[in-house]
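Note: hydrogens, waters and symmetry copies are ignored here, and every other heavy atom, side chains too, is used.
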Amino acid sequence: MARRDQYLITCEHGGNRIPPRYRGLFADFEDLLHSHRGYDPGALAMAEDLAGALDAPLIVSTTSRLLIELNRTIGHPSLYSIATRNAPASVRQEILDQHYLPFRNQVETHIREAIAQGKRLIHISSHSFTPELDGEIRNADIGLLYDPARAGEVELCHRWQARLKAQAPDLKVRRNYPYTGKSDGFTAYLRRCFPADEYVGIELEINQKHVSNQQRQWRAFRLQLIEALRQAMTD
């Protein structure tokens with residue numbers, strides 16, 4: 001019997017909040033918190049719209065990635081930021097236990113439960129990227145990140161890209177850009193936990209230049225992206 005698809009939307013970088021207990025660590029980094037390094041502008045709104053349109057569970061964090069990077073594996077050099085990496089080991093462990101592990105475990109548990117019910121879990125992780133980084137202009141409006149070795153991810157991203165091209169030919173949609181889908185990240189970790197016929201993990205990356213547009217244009221952009229996904233899933 002064919003598996004039924006179930007969807008899960010996550011947003012790892014939905015805000016730049018710092019819990020009061022750790023604000024002292026950020027006394028010299030307020031500007032950083034409000035930059036693209038502190039959070040992903042627009043990613044939360046995109047995630048909320050996706051979850052609503054797909055009637056999917058939504059798991060989000062609005063704590064800044066500068067406290068701890070939810071999209072990195074334990075041991076990665078970027079797990080802790082410039083503000084937290086030199087904190088006492090006990091403080092870093094506390095942050096890991098109270099902010100990193102609960103989020104990651106909640107997502108993983110949800111996937112396991114869906115698979116146990118005979119479903120294929122399609123996970124879309126909502127992110128955004130700055131239009132320019134280190135003097136380089138990012139040449140895309142939307143990025144779809146996936147593992148080229150997993151057929152379900154390849155198929156969905158190709159279909160999504162094709163639908164977007166048909167609906168909005170002026171939008172530049174690139175696959176595995178501005179990052180590669182196989183690089184260290186939450187979806188990459190989850191692929192090691194679940195087989196390809198049970199878990200499909202896609203990182204959606206949107207160019208933050210669209211977030212700063214007028215609200216009507218930004219809303220239309222999100223709706224366009226969601227409609228293309230709906231059609232891609234029924235092709």
Side-chain angles (χ1 to χ4, degrees), residues 9-18 26 29-51 53 60-67 69-72 76-78 81-83 124-146 148 153 156-158 160-188 201-229 232:
I9 311 300
T10 67
C11 184
E12 288 72 20
H13 307 141
N16 59 358
R17 184 178 64 86
I18 298 296
F26 290 84
F29 302 105
E30 283 295 329
D31 289 345
L32 206 59
L33 276 173
H34 295 284
S35 73
H36 68 90
R37 292 177 62 184
Y39 72 116
D40 282 0
L44 181 57
M46 186 75 253
E48 290 172 339
D49 284 358
L50 280 165
V60 306
S61 171
T62 57
T63 300
S64 176
R65 65 197 303 174
L66 295 175
L67 184 72
E69 174 54 273
L70 299 178
N71 204 35
R72 293 290 175 263
H76 192 279
S78 298
S81 73
I82 188 174
I124 300 177
S125 176
S126 179
H127 297 265
S128 68
F129 61 94
T130 182
E132 180 179 342
L133 184 66
D134 298 330
E136 179 185 351
I137 302 297
R138 259 75 175 275
N139 188 22
D141 298 289
I142 297 167
L144 303 175
L145 313 188
Y146 61 96
E153 296 180 9
L156 177 55
C157 287
H158 275 260
W160 199 355
Q161 182 186 39
R163 284 296 185 177
L164 280 164
K165 184 177 181 179
Q167 290 184 17
D170 290 339
L171 288 178
K172 186 158 191 176
V173 183
R174 298 182 63 176
R175 301 189 308 275
N176 282 329
Y177 181 91
Y179 314 104
T180 64
K182 293 178 66 176
S183 59
D184 185 85
F186 198 10
T187 53
I202 307 297
E203 284 190 58
L204 168 64
E205 290 277 357
I206 54 177
N207 192 317
Q208 291 168 11
K209 70 181 182 182
H210 294 284
V211 181
S212 60
N213 281 343
Q214 295 179 3
Q215 283 301 309
R216 183 176 297 179
Q217 293 173 326
W218 167 222
R219 171 71 172 162
F221 176 88
R222 303 198 307 272
L223 292 175
Q224 211 163 36
L225 198 152
I226 290 168
E227 181 57 28
L229 175 60

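In this view, Arg163 and Ala228, Gln231, Ala232, Asp235 satisfy the side chain to side chain contact (heavy atoms under 4.5 Å, CB included) rule, not counting sequence neighbours. Arg17 meets the side chain to side chain contact (heavy atoms under 4.5 Å, CB included) test with Pro19, Thr62, Thr63; sequence neighbours excluded. For Ser126, there are no side-chain hydrogen bond (donor to acceptor under 3.5 Å, both in side chains) partners two or more places apart in sequence or in a different chain. Partners of Glu153 according to the salt bridge (charged side-chain N to carboxylate O under 4.0 Å, His left out) rule, which considers only residues two or more places apart in sequence or in another chain, are Arg150, Arg191. Judged as a side-chain hydrogen bond (donor to acceptor under 3.5 Å, both in side chains), and not counting sequence neighbours, Glu205 has no contacts. Remark: Tyr39 pairs with Asn16, Pro41 by the side chain to side chain contact (heavy atoms under 4.5 Å, CB included) rule, at least two apart or across chains. The side-chain hydrogen bond (donor to acceptor under 3.5 Å, both in side chains) search around Ser64 returns none, not counting sequence neighbours. Residues passing the side chain to side chain contact (heavy atoms under 4.5 Å, CB included) test with Glu69 are His13, Arg65, Asn71, Arg72, sequence neighbours excluded.
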Please report the C-alpha distance between Met46 and Ile226 in whole Å, then the side-chain angles of each, then the deciding distance to 0.1 Å, and finally whether the side chain to side chain contact (heavy atoms under 4.5 Å, CB included) criterion is met.
-> CA-CA 9 Å; Met46 186 75 253; Ile226 290 168; 3.8 Å; yes
Which donor-acceptor pairs under 3.5 Å do the side chains of residues 137-145 make with protein atoms, sequence neighbours left out?
| from | atom 1 | to | atom 2 | distance (Å) |
| --- | --- | --- | --- | --- |
| Arg138 | NH1 | Thr130 | O | 2.8 |
| Arg138 | NH2 | Tyr179 | OH | 3.2 |
| Asp141 | OD1 | Lys209 | NZ | 3.4 |
| Asp141 | OD1 | His210 | NE2 | 2.8 |
| Asp141 | OD2 | Lys172 | N | 2.6 |

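To the nearest 0.5 angstrom, Ile202 atom CD1 is 9.5 Å from Leu229 atom CG. Note: Ile18 CD1 to Leu33 CG = 5.0 Å, rounded to the nearest 0.5 Å. Atom NE2 of residue His127 and atom CG of residue Leu44 lie 12.0 Å apart, to the nearest 0.5 angstrom.
One N or O on the side chain of Gln161 and one on the backbone of Val173 form a donor-acceptor pair closer than 3.5 Å.
Across every non-hydrogen atom of Arg222 and Ala45, the tightest pair is NE-O, 3.9 Å. Across Asn176 and Gly181, no two heavy atoms sit closer than the pair OD1-N, 2.8 Å. Taking each heavy atom of Ile9 and Ala47 in turn, the nearest pair found is CG2-O, 3.6 Å.
Looking only at side-chain heavy atoms (C-beta outward), Leu225 and Ile206 come within less than 4.5 Å of each other. Side-chain contact check for Leu50 versus Leu204: some heavy-atom pair is nearer than 4.5 Å. Residues Leu67 and Phe26 are in side-chain contact: their nearest non-hydrogen atoms beyond the backbone lie under 4.5 Å apart.
Tested against Tyr146, the residues Glu203, Arg175, Lys182 include a single side chain to side chain contact (heavy atoms under 4.5 Å, CB included) partner, Arg175.
In the displayed structure, Arg37 atom CZ is contacted under 6.0 Å by at most 12 heavy atoms of other residues, nucleotides or ligands. Within a 6.0 Å radius of CD1 in Ile82, other residues, nucleotides and ligands contribute 12 heavy atoms or fewer.
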